[in-house]
Amino acid sequence: MARRLSPVGLDFIETAAPRHVFAREVSAPPEAVYRALADDLAGWPAWFTAVTQCRPTDGGKGREVRLKGGTRFRETILAADEPVRYAYRVDVTNAPGPRAIVEEWRLTPAGTGTRVQWTFAADGTPPFRLVLRLSRAGLGRAFRDAVTALDRRLTAAKE
């Protein structure tokens, strides 16, 4: 059953509770990381193991994402500021409990590489918020593994 979420904006990233923020430095330059995030949607499953499908919708204004386990998201791109920020809002999902979700990827030059910061901002039912608080370590591990795999993928593509 699909659930429509609140149409929150970018300001939700700062006000949501819970909100998880993770960061990691990679060797790839910001432009390459940005292209992998925003332009190569079909490539997401190759580096973000929880993602089984990611494709553009609405002429590139949205995304459709499927995760392992069957969770689905229909999203709207809120910011595509190359090469510094890529953010999207979940509009519809089959996941129980969320009322609003926004994810933001911020890219900052770090030497010859990039500091990648991912913010996962959400609101939902009390059980959903509790699960998100308890899953912080798992989300952090998933982020670190994904960004490490993305960096390896981008480095291999350069060679």
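Along the sequence shown, residues carry numbers from 1. Side chains are part of it too, since the values below use all heavy atoms of this structure and drop only hydrogens, waters and symmetry mates. Computed from a predicted model, the values in this text were never measured in an experiment.
Once rounded to the nearest 0.5 Å, the distance linking CD of E31 with OG1 of T114 reads 7.5 Å. Taking OG1 from T155 and CZ from R153, the interatomic distance works out to 12.0 Å, rounded to the nearest 0.5 Å. Here the straight-line distance linking atom CZ of F73 with atom CG of L5 works out to 9.0 Å at 0.5 Å rounding. Summarising the geometry, atom CD1 belonging to I13 is positioned 6.5 Å from atom OG1 belonging to T119; distances are rounded to the nearest 0.5 Å. Atom-to-atom distance recorded for R63:CZ and T57:OG1 is 9.5 Å, nearest 0.5 angstrom. Here T49 contributes atom OG1 and K68 contributes atom NZ; the two are 5.0 Å apart, rounded to the nearest 0.5 Å.
Side-chain contact between C54 and E64 is absent, with no heavy-atom pair separated by less than 4.5 Å. In this structure, the side chains of R4 and R99 stay at 4.5 Å or more apart for every pair of heavy atoms. Within the 4.5 Å cutoff, no side-chain heavy atoms of R3 are placed close to those of V92. Considering only heavy atoms from C-beta on, E82 stays 4.5 Å or farther from P30 through its side chain.
With sequence neighbours left out, the side chain to side chain contact (heavy atoms under 4.5 Å, CB included) criterion links R85 to L10, A79, D81, E104, R106. Contacts of Y86 classified as ring-ring contact (aromatic ring centres under 6.0 Å, His included), with partners at least two apart in sequence or in another chain: Y88.
Within the 3.5 Å criterion, the main-chain N or O of A16 finds no donor-acceptor partner in the side chain of D123. Looking only at distances, no side-chain donor or acceptor of S6 sits under 3.5 Å from a matching main-chain atom of A100. Between the N94 side chain and the G70 main chain, a donor and an acceptor come within less than 3.5 Å of each other. Judged by distance alone, the side chain of R115 and the main-chain N or O of T108 form no donor-acceptor pair under 3.5 Å. Put simply, the side chain of D40 gets close to the backbone of G43: a donor and an acceptor are under 3.5 Å apart. In terms of modelled atom types and a separation under 3.5 Å, the side chain of T52 and the main chain of R66 share a donor-acceptor contact.
Contact between A36 and L150 at its shortest, heavy atoms only, is CB-CD1, 3.5 Å. Closest of all the heavy-atom pairs between G9 and L78 is C-CD1, 4.2 Å. Heavy atoms only, all atoms of each residue included: F128 and P98 are closest at CZ-CB, 3.6 Å. Shortest non-hydrogen contact noted between A122 and I101 is CB-CG1, 4.1 Å. Smallest separation of non-hydrogen atoms from T93 and A95: OG1-N, 3.1 Å.
For the salt bridge (charged side-chain N to carboxylate O under 4.0 Å, His left out) condition, the pairs that include at least one residue of residues 8-17, sequence neighbours left out, are E14-R19. For residues 26-70, the pairs satisfying ring-ring contact (aromatic ring centres under 6.0 Å, His included) are W44-W47, W44-W105, with sequence neighbours left out.
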Between side-chain atoms of residues 21-28 and protein atoms elsewhere (two or more places apart, or another chain), which donor-acceptor pairs fall under 3.5 Å?
unit_1	atom_1	unit_2	atom_2	d
R24	NE	T148	OG1	3.2
S27	OG	D151	OD1	3.1
S27	OG	D151	OD2	3.0

For residues 129-140, which side-chain N or O atoms pair as donor and acceptor with protein atoms under 3.5 Å away, sequence neighbours left out?
unit_1	atom_1	unit_2	atom_2	d
R129	NH1	G124	O	2.5
S135	OG	V131	O	3.0
S135	OG	L132	O	3.0
R136	NH1	H20	ND1	3.0

inquiry  = Apply side-chain contact (heavy atoms from CB on, under 4.5 Å) to residues R89 and D91 and explain how you reach the verdict.
reply    = CA-CA 6 Å; R89 169 188 68 225; D91 295 316; 2.7 Å; yes
ask   = Can you list the steps and then say if V65 with T71 is a side-chain contact (heavy atoms from CB on, under 4.5 Å)?
value = CA-CA 8 Å; V65 178; T71 301; over 6 Å; no
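V102 and I77 sit in two unconnected hydrophobic clusters of ILVMFWY residues. Membership requires side-chain heavy atoms under 4.5 Å apart, directly or through other members. With hydrophobic clusters built from ILVMFWY side chains whose heavy atoms lie under 4.5 angstrom apart, L154 shares a cluster with L37.
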